[in-house]
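See below for the structure under consideration.
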Number of protein chains: 2
Amino acid sequence: MAATIRDVAKLSDVSVATVSRVINQISTVNPETQKRVKKAMEQLKYEPNLVAQGLASKKTQTIALILPNISNPFFSDIVRAVEDVAQSNGFTVILCNSDGLVSKEQSYIEVLRKKYIDGIVFASNTLRIEDIEQLKKDNISLVVLDYSSTMESCSIIRAKNREGARMAVSHLLEIGCKKIAHIYGPIGDQTAKNRLEGYEEMVHSFSWYSPTLLVPGHFTINGGFEATKMLLEKHPDVDGIFAGNDLMAVGVLKALHQMGKKIPEDLAVCGFDGIYLTEITQPELTTIAQPIYELGEKAAKILINKINGLLEEDNVYELDVTLIKRDSTIKAH
Amino acid sequence: MAATIRDVAKLSDVSVATVSRVINQISTVNPETQKRVKKAMEQLKYEPNLVAQGLASKKTQTIALILPNISNPFFSDIVRAVEDVAQSNGFTVILCNSDGLVSKEQSYIEVLRKKYIDGIVFASNTLRIEDIEQLKKDNISLVVLDYSSTMESCSIIRAKNREGARMAVSHLLEIGCKKIAHIYGPIGDQTAKNRLEGYEEMVHSFSWYSPTLLVPGHFTINGGFEATKMLLEKHPDVDGIFAGNDLMAVGVLKALHQMGKKIPEDLAVCGFDGIYLTEITQPELTTIAQPIYELGEKAAKILINKINGLLEEDNVYELDVTLIKRDSTIKAH
DNA sequence: ATGAAAGCGCTAACAG
DNA sequence: CTGTTAGCGCTTTCAT
């Protein structure tokens with residue numbers, strides 16, 4: 001049906017090798033010949049078969065993005081960024097929801113390998129060292145997003161989590177909070193851990209500090225909701241809450257509303273991430289904003305550079321976060 | 001490096017054809033032989049090369065999902081559903097953000113074709129008849145989501161938009177609204193149009209009705225915000241607003257808050273879609289919920305059935321919507 | 001039930 | 001600068 005490289009070769013009276021050369025823009029082709037070949041390609045409406053190219057070259061112009069769950073707005077922004085970069089570089093992206101399950105990730109990685117995928121952006125904290133090694137062996141490039149690890153044998157992009165947490169607490173102190181609690185994310189998640197550590201560093205020397213001011217919220221809205229109820233039962237005098245991410249902060253708000261608390265008068269709330277949800281709550285949420293799109297963008301760019309052989313060493317990139325003050329900590333005027 | 005079908009053939013002392021047969025579970029293989037081949041595959045840790053399979057069979061076990069923008073929470077739920085179904089059927093999904101631009105869609109379709117993709121779930125209203133025909137010719141299956149068209153030459157999954165709109169208005173009337181406005185989505189978008197029509201059918205015979213109660217909101221939060229300001233300037237006595245989607249309803253809420261209106265006492269608000277955002281606003285939003293996950297799930301299932309040749313005719317599936325009453329229309333006493 | 005062999009459409013030495 | 005040719009790893013007639 002569709003024209004093949006052979007048809008083009010025949011029509012332009014050259015060998016398939018030469019046609020292949022002009023397809024792949026290999027310089028050593030006579031301009032004259034090139035013109036002839038190009039004309040033939042147009043005439044025949046020739047389009048290279050990407051699958052055949054992939055089989056022969058072991059490069060498929062495809063990358064994968066593995067993340068816990070696309071429904072999380074943080075990740076959907078990441079996806080958008082990665083896809084944009086991929087698209088403008090001639091790459092296609094395969095999306096994989098792992099739900100944070102190692103088993104799911106495992107099986108994804110397996111089929112991705114069988115598909116000759118060129119690289120993976122891994123947006124999850126669950127990646128294991130063995131996997132990294134395996135991918136290296138298979139010549140599949142890897143960039144990890146939002147990953148905290150002491151040993152780095154691959155490129156990592158992340159935001160300054162610990163520093164952000166300190167900024168959050170510092171802000172709450174500044175506006176006059178006398179007892180600040182923290183709702184933290186999943187244990188085992190390094191990002192959650194770093195934010196918790198930032199909080200602890202800021203508060204551990206205060207006389208009011210107690211480890212019972214730490215409550216788990218699982219990085220979900222409902223987790224934040226439940227955590228708040230539990231927290232206020234034990235510490236009715238808390239007047240500031242730093243939630244480890246925005247989703248939990250939303251849950252905090254819901255709980256406080258339900259309990260009839262005034263925000264920020266009775267209690268100030270600060271989240272982390274900077275997803276757009278923080279703008280639609282009432283009051284709007286103060287948050288430590290990560291440059292979400294930039295995180296995804298940078299990850300994709302680095303990955304593609306690696307794939308194209310333009311980048312050798314593995315680096316760790318830490319992007320800055322910024323405090324966005326809103327009504328959940330400061331009453332407008 | 002990795003074992004190929006030939007290695008397996010050699011080790012199990014059969015031809016590659018036979019190995020291929022056991023890989024593809026073709027029945028005509030002697031159980032004895034089959035066992036031998038399978039043992040060899042295990043020994044060699046053989047894994048079929050999907051790219052090679054694709055080239056030879058023109059089937060890649062890959063589908064694509066084209067949608068306007070993953071950042072829209074409605075679509076991220078759709079993605080999740082499609083990916084889940086694909087995953088559990090051995091398919092991989094390529095994600096494409098079109099921004100609703102025909103040009104982008106066009107270029108995506110082109111590369112998808114070159115990649116021997118098996119099928120496409122198209123979640124957008126911008127698909128053109130020519131494209132449908134072209135895909136058919138290329139033997140690429142197609143299922144369209146949330147698409148309204150009089151002529152159907154492909155399978156379509158959508159919710160009952162017109163009926164949902166009528167339910168929304170009907171509910172607002174029941175709770176006592178005396179003058180109901182509608183904020184509608186992009187003109188040209190059939191879904192937006194159907195919802196608008198549902199509204200009109202319900203209100204056109206009332207004496208208070210006027211076409212100026214219709215305001216455009218572009219299906220965005222900000223659009224809903226601006227529309228509300230405009231609307232209340234012209235019609236300060238409006239006491240009910242039906243927003244064409246939840247995003248706009250959120251914008252409505254923001255605007256009303258800013259104007260100091262009480263909800264639902266001064267003004268009741270109803271959205272459409274049933275995204276989870278409606279649960280985090282204050283007050284929570286009444287909405288006409290579509291079965292979002294089910295929409296995506298059904299689309300993916302039908303697509304895969306088509307690909308596997310289990311489905312012939314093209315049908316239109318209209319899923320039911322449900323009214324979810326919340327505080328934006330009824331004060332929980 | 002199984003094997004031989006001809007592709008699928010392209011890339012990449014190697015030779016000239 | 002260009003052509004020949006041998007794959008890439010698998011599927012699929014067509015025989016047997």
Side-chain angles (χ1 to χ4, degrees), chain A residues 1-38 40-41 44-62 90 111 113-118 138-139 309, chain B residues 1-38 40-41 44-62 90 111 113-118 138-139 309:
Chain A
M1 191 75 240
T4 76
I5 199 173
R6 243 174 284 270
D7 300 325
V8 176
K10 207 168 297 170
L11 181 59
S12 48
D13 201 37
V14 296
S15 71
V16 294
T18 299
V19 177
S20 175
R21 287 186 186 103
V22 350
I23 291 172
N24 297 295
Q25 321 212 48
I26 289 173
S27 48
T28 66
V29 178
N30 184 307
E32 291 288 302
T33 326
Q34 198 165 129
K35 206 179 292 176
R36 230 174 47 243
V37 172
K38 281 189 174 158
M41 298 205 299
L44 296 171
K45 293 195 205 308
Y46 169 76
E47 303 197 323
N49 179 319
L50 266 21
V51 179
Q53 277 187 325
L55 179 59
S57 70
K58 285 159 176 29
K59 292 277 165 211
T60 53
Q61 298 290 102
T62 307
V111 14
R113 212 176 50 225
K114 294 195 226 168
K115 287 204 174 188
Y116 280 170
I117 222 101
D118 298 329
D138 292 326
N139 192 30
Chain B
M1 191 74 241
T4 76
I5 198 174
R6 241 172 287 270
D7 300 325
V8 177
K10 208 168 294 171
L11 182 59
S12 48
D13 201 37
V14 296
S15 71
V16 294
T18 298
V19 178
S20 174
R21 288 190 186 99
V22 352
I23 291 171
N24 297 296
Q25 322 211 51
I26 290 175
S27 48
T28 64
V29 178
N30 185 307
E32 291 287 303
T33 328
Q34 196 165 132
K35 206 178 291 175
R36 234 175 42 245
V37 172
K38 282 191 174 158
M41 298 204 300
L44 297 171
K45 293 194 205 307
Y46 169 75
E47 303 197 323
N49 179 318
L50 266 22
V51 179
Q53 277 187 325
L55 179 59
S57 70
K58 284 163 177 28
K59 291 278 164 211
T60 53
Q61 298 290 104
T62 306
V111 13
R113 212 178 48 223
K114 295 194 223 169
K115 288 205 173 184
Y116 280 170
I117 221 99
D118 298 329
D138 292 326
N139 192 30

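Every chain is numbered from 1 and lettered A, B, ... according to where its sequence line falls, protein lines coming before strand lines. The shown structure was predicted, so the numbers you read here are calculated from the model rather than taken from an experiment. Heavy-atom basis, side chains included; hydrogens, waters and symmetry copies ignored.
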To the nearest angstrom, the OH-P distance between B:Y116 and D:dC10 comes to 17 Å

Ranking B:Y46 and B:R21 by the position along DNA chain D of their nearest nucleotide, the one closer to 5' is B:Y46

| query | Think A:S15 has a side-chain N or O under 4.0 angstrom from the OP1 or OP2 of D:dG3? | reply | yes

Of the listed D:dT4, C:dA1, C:dT11, the closest approach to the A:Q53 side chain comes from C:dT11

Closest of C:dT2, C:dT11, D:dT12 to the B:N30 side chain is C:dT2

Rounded to whole Å, the CG-C1' distance (B:L50 to C:dC8) equals 16 Å

Is B:R36 close to B:V14 at the side-chain level, that is, under 4.5 Å between some pair of heavy atoms? yes

Discussion item. Under 4.0 Å, counting only non-hydrogen atoms across every strand here, what does B:T18 touch: a base, just sugar-phosphate, or nothing?
Written reply: sugar-phosphate

Whole-Å distance, B:K59 NZ to D:dT11 C1', equals 14 Å

Here the distance between atom P of C:dT2 and atom CD1 of B:I26, to the nearest Å, is 13 Å

Checking C:dT2, C:dC10, D:dC10 against the side chain of A:R6 (C-beta onward), the nearest is C:dC10

(message) When you measure from the side-chain N and O atoms of B:T33 to the phosphate of C:dT2, is any distance below 4.0 Å, counting only OP1 and OP2?
(response) yes

Result for 5'-nearest mapping on DNA chain C, choosing between B:V29 and B:S57, is B:V29

Regarding the side chain of B:I23, the nearest nucleotide among C:dC10, C:dG3, D:dT11 is D:dT11

| request: Mark yes when over 12 heavy atoms from residues, nucleotides or ligands other than A:K10 sit less than 6.0 Å from its NZ; otherwise mark no. | output: no

Taking C:dG3, C:dT11, D:dT11 as options, the one with an atom nearest any side-chain atom of B:V14 is C:dG3

B:N24 versus B:Q53: any side-chain heavy-atom pair under 4.5 Å? yes

For A:Q34 and A:V22, the nearest pair of non-hydrogen atoms, with its separation, is CG-CB, 4.2 Å

The nucleotide from C:dC10, D:dC8, D:dC10 with an atom nearest the side chain of A:L55 is D:dC8

A:N49 atom CG is separated from D:dC8 atom C1', nearest whole Å, by 13 Å

*Please check the phosphate of D:dC10 (OP1 and OP2 only) for any side-chain N or O of B:S20 closer than 4.0 Å.*
no

A:K58 versus A:N139: any side-chain heavy-atom pair under 4.5 Å?
no

Rounded to whole Å, NZ of A:K10 lies from P of D:dT4 at a distance of 13 Å

Which of D:dG9, D:dT4, C:dC10 is nearest the side chain of A:I5? It is C:dC10

The reported gap from CG in B:N49 to OH in A:Y116 (rounded to nearest 0.5 angstrom) is 4.0 Å

Separation of D:dC1 atom P from A:E32 atom CD, nearest Å, is 13 Å

On the nucleotide D:dT11, are OP1 or OP2 found under 4.0 Å from the side-chain N or O atoms that B:N24 carries? yes

Here the distance between atom P of C:dC10 and atom NZ of B:K114, to the nearest Å, is 11 Å

